Amino acid sequence: MKTATVACILASLLTVKPDVGAFDWKAADATRHGVALEALEALRVRLAERNTKAILVIRDDRVLLEWYAPGHGPEVKHYTASLAKAVIGGIATALALDDHALELADPVARFVPAWGTDPQRCAITFAHLGSHTSGIEDAEADDLPHDRLPGWKGDFWQRLAPPRDPFTRARDTAPVVFAPGTDFAYSNPGIAMLTYGVAAAWQARANRIGGSRPASVRDALRDRVFRRIGIADGNWNCGYGQTVEVDGLPLVAAWGGGNFTARALARVGRLMLRRGDWDGGRVLSEGAVEAITRPVGTPGGCGIGWWTNAGGRWPSLPRDAFAGGGAGHQILLVVPSLNLVAVRSGANLDRVDSAEGFWDAAERHLFAPLMRAIEAADPHSGWSPLPASRVIRGVRWAPAETIRRFAPGSDNWPMATGPDGWVYTAYGDGHGFAPGVDRKLSLGFARFRGWPDAFNTENVRSPSGECFGDGARGLKASGLLAVDGTLYLLARNATNATLAWSGDNARSWAWADWRFTSSFGCPTFIEPGAGTTGATREWIYVLSPDADDAYTPADAQVLARVPQHAVREPENWEFFSGTDAAGNPRWSSAVADRKPVLELPGRCYRPSVHFNAACGRYLLVQALPSPELDHRGGTNDLRFRGGLAIFDAPEPWGPWSTVYYNEAWDVAPGESAHLPAAMTDAGGGGWLVFSGEDAFSLRRVAFERVQKQ
């Protein structure tokens, strides 16, 4: 390992002149941000040997690698080629979406009258143009250089005056070679028509509202985006430095013709990673960023100017990765689940014969080595108390800055989907969702629906269910489950825990006249979900730390079960008492016969368990307390710091294995965490609900290399 080389690289970062704006990158030790130094240095050497002018790797807002070839530097702009399609064309489209000037499904002919009578062109939408599925032929032929192309294709690249300019040629002359939306074919004239359409849509909006002539794409990006995120005017340009007047519109090229410094591109990547937010200031809406950086539903799986990994285009990268790319391997890579931005500028990394060849070389020489550097330092690949999962091989968290928080001052949040389609939940020591109930409750009820498109929340008042008393003095929910129209509640702090049920969606509750008296101090229902086994349909399972209260970290998690039709009768409950020689579970009516299903000395704490249909596994989530857990608000309080673990198993009794284990999660986990089925996506990831900062906190999570059981 050439530690001196890396040290020099990192030290040099501290002398880089910052761009305009309050935010600036900081240098950091790569190992503290999940990247192995030796592998990072190997990546730098590899790229330096392959025509690289600039490489910049940023994770968690910290510069882990910044290197420039001799003669290049942080203040030197480099051409972007087709990377401009993403950072100019894509972001201009996002602005137009935020202005409600257009929708991606709009026919472009709505704003470009010349296309209105053409039976092929009138079917082309903005989504088709941005994703290379318009059918408009590309301005390339026979591998000829652009200055030797004949006819309209040569005119396109020479950027002549109207009517031989590239926009007019793309509008009137470039043929449509297949029905729009039926195939994928790279098209520079298609991107020309994208920014033409954006300019025309802005003009139509100005006409509707009585505004003045709208700014060009260049001016709009400068004033509404780039200056706001600290990109100095001298650190970028676009459109080959030209503005072309066509139909009275100020048109700027977005298929190429841009120049950016590496750090300017990285700022664009950071804006996309943060879904349009810049340190609390909203530059673009989340919806607009999603619209341009995720597949738009056409062949090829592209966004608007951006390439996506939703279909596994880049095998080494998480599926949420997206990138802009241009000739000579000008690349801006964004991986939200890794909080990662990378920029590479230079000449070709390898021979390129097609778009596929372009990305093959990027995968081989940039993406895969970068991921090896990250995986070599990933906590999942290091120590874990249990064997690693054979089904879920990695967890990618959205950046901490994207966490959303509701109901401040309230925690716990077990949840279950009720018979009416609402997701019911219970909170502790708070006032619930805004506007909040009038009196602080140790046990209160709420419900929500419409996530993630619209988050509608309500507090549900229940005189027979609500309880009072801070901390251990008041009953608090530890589990919720919906069975055949009935909501069941497990409540802790009842020496040890007790049961209640509601037949009217949490408005009234009946309480059992019995309770657990040994162990099961913080029990939770195992949410079965779709696709679970026949046994789980017949039985209700309950997991708890093997402790008499909810505040003592235990050495093990223990399991109980009860027939679904007999939940309320204590004589029907059974306790897991080990397995037989064939690995089948044994059960006993005596709690004293209980055996652990998972052992984690001093670390077993308040669990939640949900069946994940996409993965075919039960997922157990819990905060990881320190041995000196302090519930008085001290430094070991989980509200302020702590770890997080996710385990998986084929059955409620195991065997359990490690999906994720980090004793120092990057944010405070709070004392409870959930991966509810109601907030799980088709890939098995979705949203983690946790009570960090005493709130209903939400963080997006993705699982990598999932194999369906």
Side-chain angles (χ1 to χ4, degrees), residues 1-14 25-50 52 54-68 262 266 269-270 273 309 314-321 323 331-344 349 362-385 387-389 392-400 643-646 658-666 701-705:
M1 167 59 193
K2 299 179 180 178
T3 54
T5 303
V6 174
C8 289
I9 295 168
L10 297 177
S12 70
L13 302 180
L14 300 176
W25 313 107
K26 295 179 177 62
D29 181 349
T31 58
R32 298 190 64 181
H33 294 270
V35 181
L37 280 173
E38 289 189 8
L40 194 64
E41 170 66 359
L43 171 65
R44 185 198 69 79
V45 171
R46 181 181 194 139
L47 293 176
E49 294 172 346
R50 289 186 171 273
T52 297
I55 178 66
L56 181 56
V57 177
I58 297 168
R59 193 175 191 193
D60 302 329
D61 272 347
R62 296 293 187 269
V63 177
L64 307 184
L65 172 62
E66 185 170 31
W67 177 86
Y68 299 98
R270 182 179 189 259
L273 183 146
N309 201 37
W314 309 306
S316 69
L317 294 178
R319 291 298 179 96
D320 68 336
I331 293 172
L332 170 57
L333 171 68
V334 180
V335 188
S337 58
L338 294 177
N339 205 10
L340 177 73
V341 175
V343 176
R344 187 271 176 186
L349 289 166
E363 166 73 14
R364 185 164 57 255
H365 300 297
L366 176 58
F367 298 162
L370 179 57
M371 284 303 300
R372 285 195 292 271
I374 291 172
E375 290 170 354
D378 195 310
H380 182 73
S381 65
W383 180 85
S384 172
S389 170
I392 305 173
R393 302 298 179 86
V395 176
R396 309 299 181 192
W397 300 104
L644 188 77
I646 304 175
T658 301
V659 173
Y660 181 82
Y661 190 90
N662 191 331
E663 293 191 344
W665 203 34
D666 60 341
V701 59
F703 296 134
E704 298 301 320
R705 294 182 288 277

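Keep in mind that what you see is a predicted model, and the values were worked out from it rather than measured.
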Closest approach of [X] and [Y], non-hydrogen atoms and distance?
X: Trp67; Y: Ala48; value: CH2-CB, 3.6 Å
X: Ala262; Y: Leu56; value: O-CD2, 3.7 Å
X: Pro399; Y: Leu273; value: CG-CD2, 3.2 Å
X: Gly269; Y: Leu332; value: N-CD2, 3.9 Å
X: Arg319; Y: Glu704; value: N-OE1, 3.8 Å
X: Leu349; Y: Ala362; value: CD1-CA, 4.3 Å

With side chains defined as the heavy atoms from C-beta onward, is the minimum distance between [X] and [Y] less than 4.5 Å?
X: Asp60; Y: Asp666; answer: no
X: Leu338; Y: Ile374; answer: yes
X: Pro318; Y: Met371; answer: yes
X: Ile55; Y: Leu366; answer: yes

**Item:** Spacing of CG belonging to Asn309 relative to CZ belonging to Phe367, to within rounding of 0.5 Å
**Value:**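 Result: 8.5 Å between the selected atoms.
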
**Request:** I would like to know whether Leu644 and Trp397 meet side chain to side chain contact (heavy atoms under 4.5 Å, CB included); could you show each step before the answer?
**Result:** CA-CA 12 Å; Leu644 188 77; Trp397 300 104; 3.7 Å; yes

**Prompt:** So which of Leu340, Val341, Leu65 actually passes side chain to side chain contact (heavy atoms under 4.5 Å, CB included) with Arg59?
**Reply:**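 Answer to the side chain to side chain contact (heavy atoms under 4.5 Å, CB included) test with Arg59 among Leu340, Val341, Leu65: Leu340.
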
Just to verify, what does [X] make a salt bridge (Lys or Arg N to Asp or Glu O under 4.0 Å) with, not counting sequence neighbours?
X: Arg344; value: none
X: Arg46; value: none
X: Asp61; value: Arg270

**Asked** Can you check whether Ala702's main-chain N or O pairs, donor with acceptor, with Asp320's side chain at less than 3.5 Å?
**Response**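 No.
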
